[in-house]
Amino acid sequence: MASLSASLSHFSRISLNSNTSLQHENIKIPESQCHPFLLSHRFNSLRKGITLPQRRESPSTGIRASLIDVSLDLTVEENRLSKGESWSVHKFGGTCMGSSQRIKNVADIVLNDDSERKLVVVSAMSKVTDMMYELITKAQSRDDSYISSLEAVLEKHSSTAHDMLDGDNLAIFLSKLHEDINNLKAMLRAIYIAGHVTESFADFVVGHGELWSAQMLSLVMRKNGTDCKWMDTREVLIVHPTGSNQVDPDYLESEQKLEKWYSRNPCKVIIATGFIASTPKNIPTTLKRDGSDFSAAIMGSLLRAGQVTIWTDVDGVYSADPRKVSEAVILKTLSYQEAWEMSYFGANVLHPRTIIPVMKYGIPILIRNIFNLSAPGTKICHPAVNDNEDMANLQNLVKGFATIDNLALVNVEGTGMAGVPGTASAIFSAVKDVGANVIMISQASSEHSVCFAVPETEVKAVAEALQSRFRQALDNGRLSQVAIIPNCSILAAVGQKMASTPGVSATLFNALAKASINVRAIAQGCSEYNITVVVKREDCIKALRAVHSRFYLSRTTIAMGIIGPGLIGSTLLDQLRDQTSVLKEEFNIDLRVMGILGSKSMLLSHGGIDLASWKELREERGEVANLEKFVQHVHGNHFIPNTALVDCTADPAIAGHYYDWLCKGIHVITPNKKANSGPLDQYLKLRALQRQSYTHYFYEATVGAGLPIVSTLRGLLETGDKILQIEGIFSGTLSYIFNNFKDGRAFSEVVGEAKEAGFTEPDPRDDLSGTDVARKVIILARESGLKLELSNIPVESLVPEPLRVCASAQEFMQQLPKFDPEFAKKQEGAENAGEVLRYVGVVDVTNKKGFVELRRYKKDHPFAQLSGSDNIIAFTTRRYKNQPLIVRGPGAGAQVTAGGIFSDILRLASYLGAPS
């Protein structure tokens, strides 16, 4: 046990009653007399005004008076401590020791370890450390409820012991527990009277939780016949307190004390207290944050153990915080350096100092889940040398990602900084003076500015200190500003093999750019163990998901929202259902439909909708359609950084949202012609935004359904060709009608047949009016560089003038036969001339105009060779002037249109990084 001389001095002037006061400012209790019972005896004696017998020493020895003379005459059998891999060290945290059943589970795990010797480090039972700190806080605040709180501590351990122990074992523990509780009552009473507590007193009180845990587990082990002793590590671990609330282990002294302890207590299994230790003056202390892990690592180092296993309640170390990235994976291995870096940046791994003791001797640390023994866990060790490892696997390069939130950037800038020695020193000296913690530093090679990150809670003090320190330089203009950028977060990518692999940084920043994340500052050490970037706080989770997706998920993962699950939309969903798994397995493209929006209801999912049953799911879990909520869900409420909205409607209101979606970094894919054939200024605005950002807008299916019309036109223009004219049969409906309007058939009969086959719109006038063809013409005209409005395109309508006012499609179909003779006359005229009728759209780029009309072509013309609902488009260009470039194929039907949309989705995936 430890000396309390430093702590007792605080009570030397406290009046305990009217007759007695403490006046022993120079009294020191030897280590042998610091047993809790003796401490309790001392406090009770002082409280009652009892003067204990004292013994004075000769001045030559320098030993101070002691209150109680206790001499132990023990015959110690010398047992040499054998170190090495025969030892395995286990550490069980508070959660693992949280109940009697869990303590029994811990005992079973230790018993099942076939190592020759075992040392087990235990924490206090779950919540007990907090309860002990609360006792101190209440006593210090003179809150009488500390007494009832102490009773709760007693009850928790007493009831746990009754569940596990019986007979002499139970009696031994309860006797010791009550002694400790009485001891604590006296100490807390003294704290209550003083209204103050020293750090060593607090550490001594708090450490009792570990003492009780270790004793209970050792008694359970002995009950099972195990050769087991429990160790109060304050008798073994010696640490030197340092600044910043940390301690440095004295390995040499601790090793000597361990050997001495073992010579008195030889056994196969040692149950040791975590968290607590002693100073070189034998004053109780703790190992501070994550102290039990640190205890285990130190003990592993002292024993040169074969392995240190940290038992916790997670399956291992994740590649990212699973609360922020739901598809984070368990890492099989980490190097010491990788674990160190991830811990520093906030990952729930180990405190960096925990790694130091074992790293020296190459002792592996294994992180295991006590509640899932089948999980292998994560092994932290020296990296294995494997020349045959596939270095192309990004998961082997970047092991994990971590974030730190609630930071602010401080930027000190000025031309007077360049080449001036000591500027950086002065900056960070000022930061040190206010006790601020610098998380990251970034400096331009020009030395024009120094940028660093500090916690937001400290930035005000830092700014004031810098303003004060550099007031003259700021007034003289040598420094231009001390700027504060609040609301920042740090994202760190960690991986030891990044150092030897080109392109990792490029991949990281490419992923951030494609997720529309702006990087505010960058830092990377020459070791390349980590790359650190600063981003806006609101972008932090999105940035984390973006880089994790790029390195750990499919090479390209896209969250999609399908708008308009009608004929085309539902066909697209069927195609996605059939092809998604193939794309993921063979092409590394991961497409996930996160939402389906209809006119009345919508279906949302956080992980991806099962496309085999989306209709049934919409019936069961569908909610009222809300476009704003739909977009927010698909874009913002999941871990996938790439978002695409697929508009399968013909609704101009939906098309009106494209610009806002693109501004938000949402890719848009659509067969909806309304946006590109609408007002010219809106079209130009969309295209300009598309060119300026990494956000993509694809609309191949607006012109030729599944045919590559727009992409062919772009390819010609981008390679320097000049478009002279585009002429084509753009309507699959009208192609079908005029391909079958022959051999004396009535025009109305062919229209009715096309309607029954599903080639026409519900109202055939929408096709026969030519407006749809005109929209396609205006889209191609604008793509060719012409600035035309839809109203500039003359259209020859095939709807007879009197029928344009029919109230319904049914009435129109009933009246259409009256005009068959008129159409028959046109058909006969063409036939007699050896020609055919074709309804075409023309973009005359040379004369900067476009038009839609019914034309006649010779029967040997390519346009006369069509069948079914085929489309055909002829590009006459400077390169293809004598023989136009022809694109021909099916131009109508849900399958080909959905296929065209699907092709655009895959093109987006290719742009985002999928293999071509």
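Throughout, numbering of the chain's residues begins at 1 and tracks the sequence.
F275 and S295 get closest at one heavy-atom pair: N-OG, 2.9 Å. Here the closest heavy-atom approach between residue P357 and residue A297 is recorded as CB-O, 3.5 Å.
Taking the ring centroids of F428 and F452, they lie under the 6.0 Å cut-off.
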_Intermediate values then yes/no, salt bridge (Lys or Arg N to Asp or Glu O under 4.0 Å), K288 and D203_ = CA-CA 9 Å; K288 316 306 176 189; D203 288 346; 3.7 Å; yes
*Where do K260 and E255 land on the salt bridge (Lys or Arg N to Asp or Glu O under 4.0 Å) test, with the steps shown first?*
CA-CA 9 Å; K260 182 179 178 181; E255 194 165 1; over 6 Å; no
*Output, in order, the C-alpha distance, side-chain angles, deciding distance and verdict of salt bridge (Lys or Arg N to Asp or Glu O under 4.0 Å) for K104 and D108.*
CA-CA 6 Å; K104 292 177 184 177; D108 291 339; over 6 Å; no
*Yes or no on salt bridge (Lys or Arg N to Asp or Glu O under 4.0 Å) for E259 and K83, after CA distance, side-chain angles and deciding distance?*
CA-CA 10 Å; E259 291 172 353; K83 303 174 185 177; 3.0 Å; yes
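Between the side chains of D113 and S115, a donor-acceptor pair is found at a separation under 3.5 Å. Residues E179 and N183 have side chains that never bring a donor and an acceptor to within less than 3.5 angstrom of each other. D293 and T354 form no side-chain donor-acceptor contact under 3.5 Å, judged by distance and modelled atom types alone. No side-chain donor from either of T242 and D248 sits under 3.5 Å from a side-chain acceptor of the other. Side chains of N224 and T226: a donor-acceptor N/O pair is absent below 3.5 angstrom, by distance only.
One finds the OG atom of S141 at 12.5 Å from the OH atom of Y146 (value rounded to the nearest 0.5 Å). The OG1 atom of T403 sits 6.5 Å away from atom CG of D321, with the distance rounded to the nearest 0.5 Å.
Salt-bridge formation is not detected for the pair K156/E151: no Lys NZ or Arg NE/NH1/NH2 atom is positioned less than 4.0 Å from an Asp or Glu carboxylate oxygen. Residues K324 and D405 are paired through a salt bridge, judged by an N-O separation under 4.0 Å between the basic side chain and the carboxylate.
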Can you list, pair by pair, the side-chain donor-acceptor contacts under 3.5 Å of residues 133-140, counting residues two or more places apart and other chains?
residue: T137; atom: OG1; partner: Y133; partner atom: O; Å: 3.0
residue: K138; atom: NZ; partner: S145; partner atom: OG; Å: 3.4
residue: K138; atom: NZ; partner: S149; partner atom: OG; Å: 2.8

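Shown here is W230, whose CH2 atom has more than 12 heavy atoms of other residues, nucleotides or ligands within 6.0 Å.
Looking only at distances, a side-chain donor or acceptor of S213 sits under 3.5 Å from a matching main-chain atom of M125.
Side-chain contact between V106 and L217 is present, with at least one heavy-atom pair separated by less than 4.5 Å.
Between F92 and W311, the angle of the ring planes stays under 30°, which puts this pair in the parallel group of the 30/60° scheme.
With S335 as reference, Q496 is the one residue of H382, Q496, E341, K399 to meet the side chain to side chain donor-acceptor pair (under 3.5 Å) rule.
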